[in-house]
Amino acid sequence: MSKCVLVTGGAGYIGSHTTVELTAAGYDVVIADNLSNSDMSGVEGVRTITGKNIPFIELNCLDRAAMEKLFEDYKIDAVIHFAAFKAVGESVAEPLKYYSNNIESFVTLLQVAEKYGVNNIVFSSSATVYGQPDVLPATEQTPRKPATSPYGNTKQMCEDILRDTVAASQSLKGIALRYFNPIGAHPSALIGELPKGVPNNLVPFITQTAAGVRECLSIFGDDYNTPDGSCLRDYIDVVDLAKAHVTAVSRMLDDKNKERYEIFNIGTGRAVSVFELVNTFEKVNNLKLNYKVVGRRPGDVESVWADTTLAETELGWKAERSLDDTLKSAWEWEKRVRGL
Ligand code: UDP
């Protein structure tokens with residue numbers, strides 16, 4: 001019988017792509033989402049791509065009774081917890097909104113999972129926990145830096161909550177995946193990133209500028225201590241990232257994990273500058289982007305990219321899609337959303 005994976009936040013950007021890859025790998029999936037930062041189009045897209053009527057439960061993970069009902073109704077074998085708020089700036093302005101939603105929902109999930117004997121949890125963490133590392137690339141052993149936003153703090157706190165809960169349990173297993181910069185969309189262009197309002201992230205801003213929704217991309221700083229002066233990041237294709245979750249779930253369900261709590265970097269291992277990303281986007285999509293260089297964005301780190309050795313050797317996972325293909329997919333998605 002197929003194992004069943006609960007995907008919280010499964011209507012969202014990374015959750016929807018992960019649901020597709022889990023289904024392709026033979027898992028049953030239940031999506032739980034309160035649609036606070038998404039809508040049913042993600043779920044519809046997943047259903048079209050997979051050809052399966054993936055169950056969708058509209059709920060808030062803070063709602064213990066609704067969560068318990070879900071665990072009563074479905075025999076869950078593993079959970080991937082994506083459901084969280086993710087806007088750095090908003091978290092600075094409204095910290096309690098972030099602490100309440102991101103922390104309390106994870107605690108509730110862990111309590112309900114324990115009650116129902118569900119022992120396999122994947123947590124959606126972030127390279128933001130590294131801040132500006134002293135040594136690059138960042139390995140999983142690279143010390144975390146004090147968080148510079150409540151959002152970043154919730155990622156660190158949830159990692160620790162999972163670590164401590166695993167340590168206190170006889171049977172619970174947990175994996176935290178630290179994503180670098182997820183970008184791109186499904187090759188079908190049926191699912192992708194749908195930011196509400198003005199995008200904070202680089203690639204949605206680029207695609208919206210190309211689509212004419214934004215007038216001009218601002219490049220935040222060309223005076224960094226990097227080869228071309230712009231920041232360096234590790235841009236990971238969202239489908240590759242989704243597949244990393246499948247390997248993490250399988251690792252726990254097949255009892256292949258070495259420790260009961262494990263952390264993996266999920267990136268490409270390649271540093272790409274903002275200028276390189278913009279130039280590549282223009283080249284592969286054969287268009288010119290309106291952009292200007294402005295001052296640095298407060299809070300940005302200069303450079304961060306992943307050492308992916310552990311994910312390769314332990315998970316057997318490696319990023320596969322080229323930056324060219326990823327940036328083509330991002331543009332195809334934007335065009336579909338805009339009807340271009
Ligand atoms: N960036 C930019 N213009 C934008 C948005 C982002 O130049 O409109 C830069 C930003 O300074 C950083 C990189 O793009 O160097 C990635 O930013 P993003 O917000 O996507 O991710 P993060 O800051 O979390 O790495």
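Whatever order the structure lists ligands and atoms in, that order sets their numbers, starting from 1.
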Which of parallel (below 30°), tilted (30 to 60°) and perpendicular (above 60°) describes F82 and Y179?
tilted

Take N265 and Y130 through the side-chain contact (heavy atoms from CB on, under 4.5 Å) test and state the conclusion after the steps.
CA-CA 11 Å; N265 283 345; Y130 295 121; 2.6 Å; yes

Just heavy atoms, cut-off under 4.0 Å: does N200 contact ligand 1 by side chain, backbone, both, or neither?
backbone

For T268 and D234, test the side chains for any donor-to-acceptor distance below 3.5 angstrom and give the result as yes or no.
yes

Give the residue, atom name and distance (to 0.1 Å) of the protein heavy atom nearest atom 19 (O) of ligand 1.
R297 NH2, 2.7 Å

Does any donor atom in the side chain of S250 or Y27 lie under 3.5 Å from an acceptor atom in the other side chain?
yes

For I219, the atoms of ligand 1 under 4.0 Å from one of its heavy atoms are 7 (O)

Is the charged tip of K115 near the ring of F71: under 6.0 Å from the six-membered ring centre and within 45° of its axis?
no

Closest to atom 21 (O) of ligand 1 among protein heavy atoms sits N181 ND2, 3.1 Å

Compare Y291, Y151, F220, F275 and give the one whose heavy atom is closest to atom 1 (N) of ligand 1.
F220

Please list the nearest protein heavy atom to atom 15 (O) of ligand 1 with its residue and the distance rounded to 0.1 Å.
C231 CB, 3.0 Å

Residue among T8, I161, N101, T154 satisfying side chain to side chain contact (heavy atoms under 4.5 Å, CB included) with F106
I161

Please list the nearest protein heavy atom to atom 18 (P) of ligand 1 with its residue and the distance rounded to 0.1 Å.
N201 ND2, 3.5 Å

Within reach of ligand 1, part of P199 (heavy-atom separation under 4.0 Å):
neither

Which is it for D300 and ligand 1 at heavy atoms under 4.0 Å: side chain, backbone, both or neither?
side chain

Any idea which protein heavy atom is nearest atom 20 (O) of ligand 1, and the distance to it?
L202 N, 2.9 Å

Location of contacts on Y235 toward ligand 1, heavy atoms closer than 4.0 Å
side chain

Are N153 and Y99 linked by a side-chain donor-acceptor pair shorter than 3.5 Å?
yes

Closer than 4.0 Å to some heavy atom of S218 - which atoms of ligand 1 meet that?
2 (C), 3 (N), 4 (C), 7 (O), 8 (O)

Which residue and non-hydrogen atom of the protein lie closest to atom 9 (C) of ligand 1, and at what distance in Å?
V274 CG2, 3.9 Å

Counting heavy atoms under 4.0 Å, the part of R233 that contacts ligand 1 is side chain

Do S322 and D324 have a side chain donor and acceptor closer than 3.5 Å?
no

Ignoring hydrogens and angles, state whether a donor on the side chain of Y116 or E72 is under 3.5 Å from an acceptor on the partner side chain.
yes

